[in-house]
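Written out below as structure tokens is the structure these notes cover.
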Amino acid sequence: MHRTPWLGSVHHLTVVGLIGLLAACGSSVTGTVSTGGASTTSDSGVTTIDQLPLATSPVQESSTSNSLAKSLSKATTGINLGTMGSDTFDTNSSLAACEMSARFRHALNSAAQGDRVLCYIQQTFEANQELGIDLYNGQPHIFDLDMVNEPEGRGGGPSKVQIQITRGADGSITDFAMHACRETTQNEYIHQTVTDGAFAMATKHNYSDESGEGSESVTVNGTLESGHFVGSKTIAGTFRWESSAFSGHGSGTVTQTPSTIDYSGYESGDYVQESESGSFSHRIFSAAQLIDGNDVAASGYNLGLLALGDGAAHAIISGNLPAQGGASAGVTT
């Protein structure tokens, strides 16, 4: 774990029941903002902290795109990521489809760890507008957080955050950095930049709880129009974990358009399960239709309404798998 000293004045914030509110965060609008003098209008759509996009925000069609994805999409229902569980697949199911669904959902979960903390901060500042400080002066600001209805797992939420935001001449946010810690240990880092519509984001997350400890590192790259991802977005991540039952590491890359995803990645490690033990290695290359069940008119966005439709995958599963014995196969579906 990395330990970082916290310097400067500290402000105090109260965070009330923010777990599960990702859908209310990362909204974007084009508007008029104050830069300390005369108000200016920005076309970027990202002028205040509540408008910063999340890593898991949806991708829309670009105003200049000419995508063939819609003509290639056939299915109207698919493997729902929100309800997918141990009973979704059985011995007659495609092993490659199972692995692809699990890897894609893991990629979204990893990206959402940084989103969760950013969401806390966005909602907190929305509820604490009376602070009377200029968040956008390019200087670091440090805040103590009191977590009410604190989330369980992953070591809980942060107790202190440092935020630094820089605006351009037109009032749009060009650089956002946040460090979050719990007690004396830094467990979250988020950095976003927007340059002429090109968006880049890097997050790092360390966690430790009764089930084990680990870390995740995620980068997101895409193009913003009016504060929304358009055309395509790439999420790339690495992860590792350690527990009494499992240990391992892996990486994966997702390229997402409004209606398709491409995923490639691997995962390997060791396990101990009751009287069994062994090692495993999974690698997959895949492409699928992305079905978004969200209502475009709704105020929130629910990742659980995403589903995978028609697609193809090549999965390479090797090692000794729990309760299955040895396996080594290449499967295409």
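FYI, the numbering just counts along the sequence from 1. Computed from a predicted model, the values in this text were never measured in an experiment.
Taking the side chain as every heavy atom from C-beta outward, Phe239 and His249 never approach each other to under 4.5 Å. For the pair Cys98 and Ser93, the minimum side-chain heavy-atom distance is 4.5 Å or more. Counting heavy atoms from C-beta on, the side chains of Thr238 and Ser217 come closer than 4.5 Å. The shortest distance between side-chain heavy atoms of Phe176 and Gln164 does not fall below 4.5 Å. Between His205 and Tyr189, the closest side-chain pair of non-hydrogen atoms is not below 4.5 Å. Arg240 is listed as a side-chain neighbour of Glu213, based on a closest heavy-atom distance under 4.5 Å. Between Val254 and Asp262, every side-chain heavy-atom pair lies at or beyond the 4.5 Å cut-off. Contact annotation: the side chain of Val218 approaches that of Val220 to within less than 4.5 Å [non-hydrogen atoms, C-beta and beyond].
Residues Met178 and Leu135 fall within the same hydrophobic cluster, defined by Ile, Leu, Val, Met, Phe, Trp and Tyr side chains chained together at heavy-atom separations under 4.5 Å. Note on Ile291 and Ile261: separate hydrophobic clusters, where clusters join Ile, Leu, Val, Met, Phe, Trp and Tyr whose side-chain heavy atoms are under 4.5 Å apart, directly or indirectly.
Every residue meeting the side-chain contact (heavy atoms from CB on, under 4.5 Å) condition with Asn221, not counting sequence neighbours, appears here in chain and number order: Ala200, Thr219.
Nearest heavy atoms, Leu305 versus Asn294: CD1-OD1, 3.7 Å. Among all heavy-atom pairs drawn from Thr255 and Ser232, the shortest one is CG2-CB, 4.5 Å. In plain terms, the two heavy atoms of Leu54 and Gln122 that are nearest each other are CD2-OE1, 4.0 Å. Heavy-atom minimum distance, Pro58 versus Phe229: O-CB, 3.6 Å. When all heavy atoms are compared, the tightest approach of Pro258 to Gly231 is CD-O, 3.5 Å. Here the closest non-hydrogen pair linking Gly227 and Val46 is CA-CG2, 4.0 Å.
A side-chain donor-acceptor contact under 3.5 Å links His191 and Asp175. There is no side-chain donor-acceptor pair under 3.5 Å between Tyr301 and Asp295. Between the side chains of Glu99 and His282, at least one donor N or O lies within less than 3.5 Å of an accepting N or O.
Side-chain atoms of Tyr136 come within 3.5 Å of backbone N or O of Ile49 as a donor-acceptor pair. When atom types are taken as modelled, the side chain of Arg105 and the backbone of Met84 share a donor-acceptor pair closer than 3.5 angstrom. Using a distance-only test at 3.5 Å, with no hydrogens or angles considered, a donor-acceptor pair links the side chain of Gln51 to the main chain of Thr47. Proximity of a side-chain donor or acceptor of Thr56 to a complementary backbone N or O of Ala112 within less than 3.5 Å is not detected. Asp310 places no side-chain N or O within donor-acceptor distance of the main-chain N or O of Gln289, the cut-off being under 3.5 Å. A donor-acceptor contact shorter than 3.5 Å links the side chain of Gln192 to the backbone of Pro53. Side chain of Lys233 to backbone of Ser57: a donor-acceptor contact under 3.5 angstrom is found. Judged purely by atom type and a 3.5 angstrom limit, Thr195 has no side-chain atom pairing as donor or acceptor with the backbone of Ala198. Of the possible polar contacts, none joining the Ser172 side chain to the Gly168 backbone as a donor-acceptor pair under 3.5 Å is found.
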- Task: Would you check, one step at a time, whether the test side-chain contact (heavy atoms from CB on, under 4.5 Å) holds for Ile173 with Leu52?
- Result: CA-CA 8 Å; Ile173 292 177; Leu52 291 169; 4.1 Å; yes
- Show your working on side-chain contact (heavy atoms from CB on, under 4.5 Å) between His314 and Ile284 and close with a plain yes or no. CA-CA 6 Å; His314 181 70; Ile284 188 166; over 6 Å; no
- Which is it for Thr257 and Leu290 under the side-chain contact (heavy atoms from CB on, under 4.5 Å) test, yes or no, and what are the steps along the way? CA-CA 8 Å; Thr257 75; Leu290 181 63; over 6 Å; no
- Message: Checking Phe104 against Leu308 for the side-chain contact (heavy atoms from CB on, under 4.5 Å) test, could you report, in this order, the C-alpha distance in whole Å, the side-chain angles of both residues, the deciding distance, and whether it holds?
- Response: CA-CA 9 Å; Phe104 178 51; Leu308 299 183; 3.8 Å; yes
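The distance from atom CG of Asp270 to atom CD of Glu242, rounded to the nearest 0.5 Å, is 9.0 Å. The line from CD1 of Ile190 to CG of Leu118 is 5.0 Å long, rounded to the nearest 0.5 Å. To the nearest 0.5 angstrom, Ile235 atom CD1 is 10.0 Å from Thr253 atom OG1. Taken from NZ in Lys160 to SG in Cys181, the straight-line distance is 6.0 Å, to the nearest 0.5 Å. For the atom pair OG (Ser215) and CD (Gln113), the distance works out to 12.0 Å, reported to the nearest 0.5 Å. Distance check: Leu306 CG to Asp292 CG gives 5.0 Å after rounding to the nearest 0.5 Å.
Counting heavy atoms of neighbouring residues, nucleotides and ligands inside a 6.0 Å radius, atom CG of Asp90 exceeds 12 of them.
Between Phe280 and Tyr271, the ring planes are tilted. Angles from 30° to 60° get that label.
A salt bridge between Arg103 and Glu267 is present, with a side-chain N of the basic residue lying under 4.0 Å from a carboxylate O of the acidic one.
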